[in-house]
Amino acid sequence: MLHDLLYLAQQTINALQQGSIYALIALGYSMVYGVLTMINFAHGDLFMLGAFACMLLAGVVTPLLTAVPPILVFILILLMVMAVIGFLGAFIERVAYRPLRGAPRVSAIITALGCGLLIESLTLVIFPYSQSIPPLLANRTFELMKVADPAGAGAPLTLTITALQILIIRVAIVLMVALDFLIRKTRYGMAMRAISFDARTVPLMGIPVDRIISMTFLIGAGLGGAAGMLYGLAYPVIAPSMGILVGWKAFIAAVVGGIGSIRGAVLGGFILGAVEVLAVVFFESTYRDLISYSLLLVILIFKPYGLLGSAPNQKV
Amino acid sequence: MKISQLAATLLAVAALVGCGKEAPSVKIGLNTELTGEMPAVGASSKNAAELFASQINAAGGVKVSDQTLPIKLVIGDNGAKADQAASVAQRLITQDNVLAMIGPDASACAIPAADIAEAAKCAMISPWSTNPKTTLDPNTGKPKEYVFRACFIDTFQAGVLAKFVLNNLKAKTAAVLYDSTSEAPNGQATLFKETFEKNGGQIVGFETYTTGDKDFSAQLTKIKSTNPEVIFLPAYYNDVPLIAQQARRLGITAQFVGSDAWSSPELIKLGGADIEGSFFCNHYSTQIATPIAQKFMSDYQAKYGMAPDDVAALTYDAFGLLTQAVKDAGKLDRQAVRDALARIPKYDGITGTMQFVPGSGDPIKSAVILQIKNGKFVWVANAQP
């Protein structure tokens, strides 16, 4: 019994780590959809760039700051990565999406796919090989519990969590709470919610729509970059193709949570992380994707706008 | 007037280009993984091919009946994708009109490319594809006529590894974690399970993941609860470091054992301390190299500044086999080259002596077991077929 509980607890920790990364990326999809009703398919590649930016910055910054505690170096690099990727996201919006804002939505989506491929191919030209990210922090493994094997023969069972897992979950939660505050309590957040509510009337109220949209891309891409950095630290072999699969999964998480809804994106991310791990716990891992995505489809059958999404306003 | 002048000029240029006849050469296509999931494999193949061609051409070329012709390489990038491998094969064979094709290396690419080569009746040698399906016709179950390889096959490799784990490591329980969507790992995992169980071992965990996955913690936690002595990881060099690291962080102390997909210097660079002490099966070892292998190693080192991995050695051997066949055939004809290739009595390559099983494209050759010690691949044992 204790043995099973310990096993489930270990799997829960795994799910939390996965879920917090999916949630951070899903936020970027959801925010952009909220203001523009457009899906930014380049988001997964911005996530990938976050990992590469972390690798490059770590190479430059870490040797300069040997006297500074590693956690401060980590925070500094995190902020730099978020800034770089955030501005890149806003830049892409400015040059690639804004000129197409009046065009059919399909054109914008195709452009986004094209931007994603461009980013990926350019990175591939510069880094044809998989790269490894240096550890920014000494990673310790904490043994939370230890129980003798019930069969008696084998090694004792342990419940472990690493310092990195704690850090990833904590950073993700801090960023998500900060975003929630920004959207609910600030003027910018109010403007963003207003655009998402009625994009046509909002400019008449004197709200600078273009600037708000730029800000949205900046923040969304910045969060994606942060997720890329955390992902790169957790899985330190990075490659230009890494954004595709994770990006799609986070997009699915955003849809399941209710695309356009910020809290929905977070919920969707954690649900996807949990479902993927639980599928392995209770079934053969070969069926993981089949089971987890079937389950998500079932959710969408009953809640077609996602768990926290709302049906669009029908104007008569 | 101007337009007609332009058109006339263009026509004249086109005519000139069309008439320009290519100098006779032995044109060989290389279909390899330059980009995508395993660029280190493609780079090794390309390096070895260019080294081989430059050496032969510096010595005059290949003797084809009464004339000596240079080798001309046409290199195509299959992006480590199955569909792209097939279209590159098609292009090399029909458009570039190569005499024969070397590659692809990964089984997932070699299998579709082999179908194209077989249909076009053009000889193909895969240097590194160990999956049995590469040289077998799926409809008849018989060997393909035009498809060869320079390496051993997974049925042999899995047997070598299963016996090594049971007899040398004295382990009775093993778990397997592999990419079920990639051809070579999939075959290696299944064949390992079969032979391990047949010889008295017990498989306590058999878990899978999908190409591109970076998180294996759920599967590893499951494996940990069954407490195996050995974990078999038939995975490519870019997955292994992540699996090993996550396993060690979860407190798994089991011995890792891998397949020939491990053998890239990139593995050590990315894996570090987590893969130290692990064993894997390989095509050759630099430590027990024959004189010709030593010459190849020093030439490769001198040209590229790094030691050749097994993909490089096997590609070099594939070119060696093919050139031998062209010499034996005595003419630049696809069918004649294929027939000569099948008849090669015994070829002394970098990776040992090889000879094709009569009526099949699979060579008979030996394997080695290597261990990762202090960041180096160290020879442990030989395994004969």
Side-chain angles (χ1 to χ4, degrees), chain A residues 3-4 6-11 13-15 17-18 21 121 124-125 127-132 139-141 143 146 149 151 153-162 164-165 231-232 234-242 244-246 248 273 276-281 284-289, chain B residues 34-43 79-81 173 177-178 180-181 186 204-229 236-243 245-246 248-254 264 266-267 269-272 274:
Chain A
H3 167 248
D4 292 337
L6 212 60
Y7 172 65
L8 279 179
Q10 183 75 64
Q11 293 286 28
I13 295 173
N14 299 339
Q17 180 188 339
Q18 280 278 74
I21 288 171
S121 312
L124 193 65
V125 170
F127 299 104
Y129 290 87
S130 297
Q131 303 284 319
S132 64
N139 192 18
R140 288 179 47 207
T141 302
E143 219 166 70
K146 195 169 185 174
D149 186 33
L157 282 155
T158 50
L159 175 61
T160 59
I161 187 164
T162 64
L164 192 64
Q165 281 175 318
Y231 191 85
Y235 314 111
V237 177
I238 60 173
S241 57
M242 67 188 260
I244 306 169
L245 192 67
V246 184
W248 283 350
E276 281 199 342
V277 169
L278 286 177
V280 174
V281 171
E284 273 186 47
S285 40
T286 320
Y287 303 120
R288 182 195 61 187
D289 290 350
Chain B
L34 291 175
T35 59
E37 286 286 320
M38 48 189 111
V41 168
K81 294 185 190 80
T173 55
L177 175 62
Y178 66 100
S180 60
T181 48
N186 201 340
V204 292
F206 200 67
E207 301 295 325
T208 66
Y209 60 92
T210 311
T211 308
D213 276 2
K214 305 278 177 207
D215 188 287
F216 312 97
S217 53
Q219 292 94 322
L220 286 168
T221 304
K222 206 170 171 183
I223 286 176
K224 187 188 167 196
S225 67
T226 63
N227 200 20
E229 292 164 83
Y236 287 109
Y237 65 86
N238 43 6
D239 288 345
V240 177
L242 288 175
I243 300 175
Q245 187 186 57
Q246 288 169 35
R248 294 296 181 237
R249 281 188 188 161
L250 283 167
I252 296 175
T253 51
S264 167
E266 291 289 308
L267 178 79
K269 227 194 281 173
L270 302 170
D274 296 312

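Proteins get letters first, then strands, A, B, ... in listed order; numbering begins at 1 in each. Since this is a predicted model, take the numbers as computed values, not measurements.
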Quiz item: With a 4.5 angstrom heavy-atom cut-off, which part of A:Tyr231 approaches chain B: side chain, backbone, both or neither?
Solution: side chain
Quiz item: What is the minimum heavy-atom distance between A:Met242 and B:Lys214, and which atoms define it?
Solution: CB-CE, 4.3 Å
Quiz item: What is the minimum heavy-atom distance between A:Leu245 and B:Thr211, and which atoms define it?
Solution: CD2-O, 3.9 Å
Self-check item: Approximate separation, where rounding is to 0.5 Å, of B:Leu267 CG and A:Ser130 OG
Solution: 11.5 Å
Exercise. Identify the heavy atoms of B:Ala218 and A:Asn14 that sit nearest to each other, and give their distance.
Key: N-ND2, 3.9 Å
Practice problem: Heavy-atom distances under 4.5 Å only: say whether B:Gln245 touches chain A with side chain, backbone, both or neither. | Solution: side chain
Quiz item: Of all of B:Gln219, B:Met38, B:Glu229, which one pairs up most often with chain A through heavy atoms under 4.5 Å apart?
Solution: B:Gln219
Quiz item: Which distance, rounded to the nearest 0.5 Å, do you find between the CD of A:Glu276 and the CG of B:Asp213?
Solution: 7.5 Å
Practice problem: Against chain B, label A:Ala234 side chain, backbone, both or neither, depending on which of its atoms sit under 4.5 Å from a heavy atom there. | Solution: backbone
Quiz item: Looking at CD of A:Gln165 and CZ of B:Arg249, how far apart are the two atoms once the value is rounded to the nearest 0.5 Å?
Solution: 8.0 Å
Quiz item: With only heavy atoms counted, which part of A:Ser241 is less than 4.5 Å from chain B, the side chain, the backbone, both or neither?
Solution: side chain
Quiz item: Measuring heavy-atom distances to chain B, does A:Ser285 have an atom under 4.5 Å in its side chain, in its backbone, in both, or in neither?
Solution: both
Quiz prompt | Reported CG-to-OH distance for the pair A:Asp289 and B:Tyr209, which is rounded to 0.5 angstrom | solution = 13.5 Å
Quiz prompt | Residue part contacting chain A, namely of B:Glu207, when any heavy atom lies under 4.5 Å | solution = both
Quiz item: What option among B:Thr35, B:Leu270, B:Asp239, B:Asp215 has the most heavy-atom pairs under 4.5 Å with chain A?
Solution: B:Asp215
Practice problem: Check A:Arg288 against B:Thr210 and note the closest heavy-atom contact, atom names and distance. | Solution: NH2-OG1, 3.4 Å
Practice problem: For the residue pair A:Thr141 and B:Arg248, establish whether any side-chain heavy-atom pair is separated by less than 4.5 Å. | Solution: no
Quiz item: What part of A:Glu284 lies closer than 4.5 angstrom to a heavy atom of chain B: side chain, backbone, both or neither?
Solution: backbone
Quiz prompt | Atom group of A:Pro236 that falls short of 4.5 Å from chain B, counting heavy atoms | solution = both
Quiz item: A:Leu164 versus chain B, heavy atoms under 4.5 Å apart: side chain, backbone, both or neither?
Solution: side chain
Quiz prompt | Interatomic distance, B:Thr221 atom OG1 to A:Ile13 atom CD1 [nearest 0.5 angstrom] | solution = 9.0 Å
Self-check item: Interchain contact, A:Thr162 with chain B, by part (heavy-atom threshold 4.5 Å)
Solution: side chain
Practice problem: Please state whether the side chain, the backbone, both or neither of B:Gln246 comes within less than 4.5 Å of a heavy atom of chain A. | Solution: side chain
Quiz item: Under the ring-ring contact (aromatic ring centres under 6.0 Å, His included) test, which residues partner A:Tyr129, sequence neighbours left out?
Solution: none
Self-check item: Reported OG-to-OH distance for the pair B:Ser217 and A:Tyr235, which is rounded to 0.5 angstrom
Solution: 5.5 Å
Quiz prompt | Engaged part of A:Val281 at the chain B interface, taking heavy atoms whose separation is under 4.5 Å | solution = backbone
Quiz item: Looking only at heavy atoms, what is the nearest atom pair of B:Pro39 and A:Pro128, with distance?
Solution: CG-O, 2.7 Å
